[in-house]
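As a basis for the values below, the full set of heavy atoms in this structure was taken, side chains included, without hydrogen atoms, waters or symmetry mates. As the structure is a computational prediction, the values presented were derived from the model and not from experiment.
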Amino acid sequence: MRTIIGFLVALSAVLLAGSCGYKVSGRYNGLPESIRTIAVPVFDNRTPKFELEQVLTAAVKRELAERSNRQVTSDKDTADAVLTGTILSYSTTPIGIKSENVGTSFSVMMVVDVSFYERNTGKVLYANPQFVIREEYTLSNQTKDFYLEEGPAIE
């Protein structure tokens, strides 16, 4: 049970770190020995935000590769375990407004349905149908285009 709890903490950190650019040092080795490869197929994107699934999937793969001693792949047919995700919602909300009623800082929020399971047995090691990822960003005074700052915030 401690192994699974440790994995849940590490998975949460991976998803959050992948979304906000923050890196936690160290490696996680609490997965069962039978899991040598982890497949992370491209997440499903049920939002209108173009290519959001590509950015989030790449970030999760990068963090898993950096922080575990397991091989990370896209091929779920050959991996020992599979991490799947469906981006259910994406929103950007102004949280700071200057005198002209123009947003100066924003909150980006994603809700992701996440599942991690052993491929051969189907045993679910972790599942969270409403995993919430939040990040804030501020527009530069020189930026006239909201979308120039939104991209780095998503990454």
Problem set entry | Qualifying residue, where the test is side-chain contact (heavy atoms from CB on, under 4.5 Å) with V40 and the options are T57, T73, V82 | T57
For this session: Test side chain to side chain contact (heavy atoms under 4.5 Å, CB included) on R46 and S89 and set out the steps.
Result: CA-CA 7 Å; R46 296 200 182 149; S89 67; over 6 Å; no
Problem set entry | Side-chain heavy-atom pair L64, L83 within 4.5 angstrom cut-off | yes
For this session: Drop me the distance from F116's CZ to K123's NZ, to the nearest 0.5 angstrom.
Result: 11.5 Å
Problem set entry | Any donor-acceptor N/O pair, R119 side chain to D77 backbone, under 3.5 Å | yes
Seminar exercise, completed: To the nearest 0.5 Å, atom CD of E118 lies from atom CG of D80 at 8.5 Å
Problem set entry | Result of checking V108, L56, N45 against Y90 for side-chain contact (heavy atoms from CB on, under 4.5 Å) | V108
Exercise. Would F43 and V60 satisfy side chain to side chain contact (heavy atoms under 4.5 Å, CB included), going step by step from the backbone distance to the final call?
Worked result: CA-CA 10 Å; F43 285 15; V60 169; 4.2 Å; yes
For this session: Using the side chain to side chain contact (heavy atoms under 4.5 Å, CB included) rule, take F106 and T93 through it: C-alpha gap first, then chi angles, then the decisive distance, then the call.
Result: CA-CA 5 Å; F106 297 83; T93 307; over 6 Å; no
Problem set entry | Any donor-acceptor N/O pair, R70 side chain to A81 backbone, under 3.5 Å | no
For this session: Could you pull out the closest heavy-atom pair between Y117 and V124, with the gap in Å?
Result: CB-CA, 3.9 Å
Seminar exercise, completed: d(D44 CG, D113 CG) to nearest 0.5 Å is 9.5 Å
Problem set entry | Closest contact, heavy atoms only, S107 versus I95 | CB-CG2, 3.9 Å
Exercise. Roughly how far, to the nearest 0.5 Å, is CD1 of I38 from OG of S68?
Worked result: 5.0 Å
Problem set entry | OG on S105 to CD on E136, rounded to 0.5 Å | 7.0 Å
Seminar exercise, completed: Taken to the nearest 0.5 Å, the spacing of M109 CE from E135 CD works out to 13.5 Å
For this session: Kindly indicate, with the supporting measurements, whether the criterion side chain to side chain contact (heavy atoms under 4.5 Å, CB included) is fulfilled by V132 and V112.
Result: CA-CA 6 Å; V132 177; V112 184; over 6 Å; no
